[in-house]
Amino acid sequence: MDAVTKLASQRAVVVFSKSSCCMSHTVNRLFIDLGVSPSVHELDEDPRGREIERALAKLLGRNQAVPAVFIGGKLVGSTDKVMSLHMSGNLVPMLRNAGAMWL
């Protein structure tokens, strides 16, 4: 859990994902399209990936741990939550408040 907390607080937007996960790709693409450069941690390419994935599953309260998005060091959730925030107009202000975008 400490590894997740440390990594999640290092940048304004942090995404824990897997390189083969289409939902991870979707979330990452959204951030890039918004002009945000998220720090992406591909768990299937990280030696600590399984440990981090277990910690994320606990935090999210579900078996599917990726993608897991942190904004401003706080857990936002997975694709459904990020997309919901975006569709409601709340994602961009959240990204601005975290210092991830300036426009």
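All values derive from a computational prediction rather than experimental measurement.
When every heavy atom of Ala65 is checked against every heavy atom of Ala57, the shortest pair comes out as CB-N, 3.7 Å. When all heavy atoms of Val15 and Pro38 are compared, the pair lying nearest together is CG2-CB, 4.0 Å. Nearest heavy-atom pair, Gly77 versus Lys81, reported as atom, atom and distance to 0.1 Å: CA-CB, 4.3 Å. Nearest heavy-atom pair, Asp44 versus Ser20, reported as atom, atom and distance to 0.1 Å: OD2-N, 4.1 Å. Nearest heavy atom pair, residue Val13 against residue Ala100, reads CG2-CB, 3.6 Å. The two residues Pro67 and Arg62 have their closest heavy-atom pair at O-NH2, 4.4 Å.
The backbone N or O of Ala68 lies less than 3.5 Å from no partner atom in the side chain of Ser78, so there is not a single donor-acceptor pair. Between the Ser84 side chain and the Asp80 main chain, no donor and acceptor come within less than 3.5 Å of each other. Looking at Arg11, its side chain does come within 3.5 Å of a backbone N or O of Ser37 through a donor-acceptor pair. A distance-only check finds no donor-acceptor pair linking the side chain of Asn90 to the backbone of Leu85 [under 3.5 Å].
Listed by first and then second residue, the salt bridge (Lys or Arg N to Asp or Glu O under 4.0 Å) pairs that reach into residues 21-30 are Arg29-Asp33, sequence neighbours excluded.
Annotation: the span from Arg96 atom CZ to Ile71 atom CD1 amounts to 13.0 Å, rounded to 0.5 Å. With rounding to the nearest 0.5 Å, the separation of CG in Leu59 from CZ in Phe16 is 9.5 Å. Note that CZ of Phe70 is 12.0 Å distant from CD of Gln10, once rounded to the nearest 0.5 Å. To the nearest 0.5 angstrom, Leu43 atom CG is 11.5 Å from Arg54 atom CZ. Here the CG-CG distance, from Leu30 to Leu91, works out to 6.0 Å after rounding to the nearest 0.5 Å. Summarising the geometry, atom CG belonging to Leu7 is positioned 7.5 Å from atom CG belonging to Asp46; distances are rounded to the nearest 0.5 Å.
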Practice problem: Under the side-chain contact (heavy atoms from CB on, under 4.5 Å) rule, what do Ile52 and His41 come out as? Steps first, then yes or no, please. | Solution: CA-CA 10 Å; Ile52 293 171; His41 297 279; over 6 Å; no
Exercise. Let me see the working for Val40 and Phe31 under side-chain contact (heavy atoms from CB on, under 4.5 Å), right down to the final yes or no.
Key: CA-CA 11 Å; Val40 179; Phe31 287 128; over 6 Å; no
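Under 4.0 Å is where a charged nitrogen must lie from a carboxylate oxygen, and between Lys18 and Glu53 at least one such pair does.
Side-chain contact between His86 and Leu34 is present, with at least one heavy-atom pair separated by less than 4.5 Å.
For the 3.5 Å distance criterion, the side chains of Glu42 and Ser17 qualify, holding a donor opposite an acceptor.
Partner of Met23 under the side-chain contact (heavy atoms from CB on, under 4.5 Å) criterion, chosen from Asn28, Thr79, Val66: Thr79.
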